[in-house]
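In what follows, a structure is listed as structure tokens, so that the remarks can point back to it.
The analysis underlying the following values was restricted to heavy atoms, covering all of them including side chains, and did not include hydrogens, waters or symmetry mates. Quantities reported herein were computed from a predicted structural model and do not represent experimental measurements. Residue numbers start from 1 in every chain, and the chains themselves are labelled A, B, ... in the order their sequence lines are given, proteins ahead of strands.
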2 protein chains.
Amino acid sequence: MAVRRRQETMEENREKLISAGRKAFGSQGFAASSMDEMTASVGLTRGALYHNFGDKKGLLAAVVARVDGEMVARAQAASADAGDEWEQLLAEGAAYIAMALDPEVRRIVLLDGPAFLGDPSHWPSQNACLEATKQVVGKLIADGVMKPVDIDAAARLLCGAALNAALWVADSDDPKSALPKAVDAFSLMAEGFLVEKR
Amino acid sequence: MAVRRRQETMEENREKLISAGRKAFGSQGFAASSMDEMTASVGLTRGALYHNFGDKKGLLAAVVARVDGEMVARAQAASADAGDEWEQLLAEGAAYIAMALDPEVRRIVLLDGPAFLGDPSHWPSQNACLEATKQVVGKLIADGVMKPVDIDAAARLLCGAALNAALWVADSDDPKSALPKAVDAFSLMAEGFLVEKR
DNA sequence: AACTTGACATACGCCGTGTATCTGATTTTT
DNA sequence: AAAAATCAGATACACGGCGTATGTCAAGTT
């Protein structure tokens with residue numbers, strides 16, 4: 001068998017660590033996750049962790065970037081076949097709400113991320129969700145569909161509202177019945193930005 | 001000198017710990033705060049902490065309740081002389097945004113609170129801000145000013161939007177100029193709930 | 001084949017939490 | 001009022017986690 005290249009195995013190990021870190025952070029939270037256990041679960045030691053990611057927070061950042069990236073992909077897929085751009089925005093919002101029902105997303109991206117890495121708008125991953133929302137908001141304002149508000153502010157509020165709605169749904173007594181209520185309230189509130197009601 | 005009563009000094013010590021905990025959590029964050037240092041800063045030891053609050057999280061809960069209570073008081077004061085109830089809601093929102101610019105409020109109530117104590121809607125303090133918002137929303141829907149949405153969902157979204165806006169302002173490059181934009185966007189978005197625009 | 005590199009392991013020191021035990025002052029009891 | 005009980009808080013200890021310094025051996029280089 002051909003000798004394994006160095007970079008290959010390193011890439012594999014990074015992958016293992018990100019994946020295991022995601023599981024650990026997602027299930028126990030960042031603070032309570034032991035890096036000894038986490039690395040052992042994939043047959044490595046903390047040596048690999050500190051070599052690849054610098055420290056525990058470094059791994060969290062990598063995991064956040066990963067999950068964040070997946071979210072944006074899913075949101076764009078969900079809004080792909082929306083009628084117009086306004087409906088696209090609403091579809092993305094609804095998609096974020098649905099995604100944030102995933103416990104991993106909630107804990108890692110919505111709770112521990114901001115608490116341990118600082119505000120999402122300054123993440124190295126640039127918080128892809130925010131970026132995507134800004135794009136759409138910019139277009140909608142240019143087209144005169146949305147009122148002329150600050151793009152950053154509007155995007156942040158819309159994105160934040162969607163994720164906040166998800167937190168509410170997830171922690172409500174009956175998530176199943178809360179979900180439509182949340183989507184409903186979100187859509188309604190978003191309409192505040194519209195020039196003319198629909 | 002009269003002998004000090006037991007309960008008095010205990011109450012004083014609890015007060016010292018809450019106050020010192022607030023400073024520590026607010027400046028360094030919950031995870032990075034050493035309880036040895038914190039207790040020593042008010043001339044006590046961790047013995048007092050564990051006796052009074054059970055554990056580190058117990059103190060956080062007490063601190064959160066304290067700050068949360070102050071927030072509601074300030075919000076109600078801000079909305080006291082609002083014209084009608086809708087304006088009261090907006091005033092409360094603006095007040096929340098302004099308050100969350102306080103670093104202590106941000107870190108303790110908005111970041112570490114949810115991350116370490118769970119969702120605000122389940123806090124022992126009941127999250128007074130949410131409760132207050134629900135009150136007003138309930139009235140506005142009954143009066144036909146707001147559209148008939150789920151009260152809990154609407155309150156959560158409004159409250160969340162205000163606090164989220166504040167997080168954005170605080171972490172923006174130029175908070176001073178961001179604040180009015182945030183308040184503006186918040187008010188606009190809130191109007192989505194109105195039956196007829198103003 | 002000798003040498004260098006570097007990815008990861010091993011070993012160590014430090015710090016922080018939580019708990020078990022102790023102590024002395026305030027209450028209570030008689 | 002003296003003895004007994006209580007209890008707020010201090011002291012001491014055990015355990016575990018993080019980060020770093022150092023070691024090691026396979027992959028790559030010359």
Side-chain angles (χ1 to χ4, degrees), chain A residues 1-64 107-108 112 115-117, chain B residues 1-64 107-108 112 115-117:
Chain A
M1 177 163 106
V3 190
R4 295 180 61 78
R5 306 218 141 238
R6 233 186 184 180
Q7 238 177 334
E8 270 176 40
T9 71
M10 192 178 170
E11 200 49 50
E12 279 180 23
N13 284 342
R14 283 182 63 91
E15 205 55 37
K16 281 184 191 172
L17 291 175
I18 291 180
S19 165
R22 179 178 182 158
K23 267 189 211 125
F25 296 156
S27 59
Q28 314 167 12
F30 176 75
S33 292
S34 158
M35 299 320 261
D36 261 329
E37 282 180 20
M38 179 261 136
T39 50
S41 78
V42 288
L44 295 169
T45 69
R46 280 192 345 226
L49 168 67
Y50 285 96
H51 186 75
N52 279 290
F53 299 98
D55 63 356
K56 196 181 177 182
K57 277 187 187 176
L59 177 62
L60 177 60
V63 170
V64 161
R107 179 131 275 284
I108 299 175
D112 288 341
F116 291 98
L117 300 178
Chain B
M1 175 162 105
V3 190
R4 298 181 59 77
R5 310 219 147 243
R6 227 185 190 179
Q7 237 179 334
E8 271 177 40
T9 71
M10 193 179 169
E11 199 49 49
E12 278 179 25
N13 284 343
R14 284 181 62 93
E15 205 55 38
K16 281 184 191 172
L17 290 175
I18 290 179
S19 166
R22 178 176 182 160
K23 267 190 209 123
F25 295 155
S27 60
Q28 315 167 11
F30 176 76
S33 292
S34 158
M35 299 320 262
D36 260 328
E37 282 180 20
M38 179 261 138
T39 50
S41 77
V42 287
L44 295 169
T45 69
R46 284 198 344 247
L49 168 66
Y50 286 95
H51 189 75
N52 277 290
F53 299 99
D55 63 357
K56 197 180 175 182
K57 277 188 186 174
L59 177 62
L60 177 60
V63 171
V64 161
R107 180 132 276 285
I108 299 175
D112 287 342
F116 291 98
L117 299 179

Tell me: CE of A:Met10 to P of C:dT5, nearest whole Å? 17 Å
Taking side-chain contact (heavy atoms from CB on, under 4.5 Å) as the test, write out the residues that go with A:Ala24, two or more places apart. A:Ser33, A:Met38
Separation of atom CD in A:Glu12 from atom C1' in D:dA27, rounded to whole Å: 15 Å
Residues pairing under ring pair (Phe, Tyr, Trp, His ring centres under 6.0 Å) where one sits in residues 20-44 of chain A, two or more places apart or in two chains, turn out to be A:Phe25-A:Phe30, A:Phe30-A:Phe116
What are the residues of residues 31-55 of chain B, sorted by number, that bring a heavy atom to within less than 4.0 Å of DNA chain C? B:Ser33, B:Ser34, B:Met35, B:Asp36, B:Arg46, B:Tyr50, B:Asp55
Partners meeting side-chain contact (heavy atoms from CB on, under 4.5 Å) with B:Ser34 (sequence neighbours left out): B:Asp36, B:Glu37
Contacts of B:Ala62 that satisfy side-chain contact (heavy atoms from CB on, under 4.5 Å) - sequence neighbours left out: B:Ile18, B:Phe53
Gap between atoms NZ and P, on A:Lys57 and D:dG19 respectively (whole Å): 9 Å
Could you tell me the separation between the CG atom of B:Leu60 and the C1' atom of C:dT17, rounded to a whole number of Å? 15 Å
What is the distance, rounded to the nearest whole Å, between atom CZ of A:Phe116 and atom P of D:dC18? 12 Å
Give a yes or no on whether A:Lys16 atom NZ has more than 12 heavy-atom contacts from other residues, nucleotides or ligands under 6.0 Å away. yes
Starting at CZ of A:Phe25 and ending at P of D:dG17, how long is that distance when rounded to a whole Å? 13 Å
Taking CG from A:Asn13 and P from D:dA27, how many angstroms apart are they, rounded to a whole number? 13 Å
With B:Arg22 via side-chain contact (heavy atoms from CB on, under 4.5 Å) - residues at least two apart: B:Val63, B:Arg66, B:Val67, B:Glu70, B:Glu104, B:Ile108
C:dC8 P sits how many Å from A:Gln7 CD, rounded? 11 Å
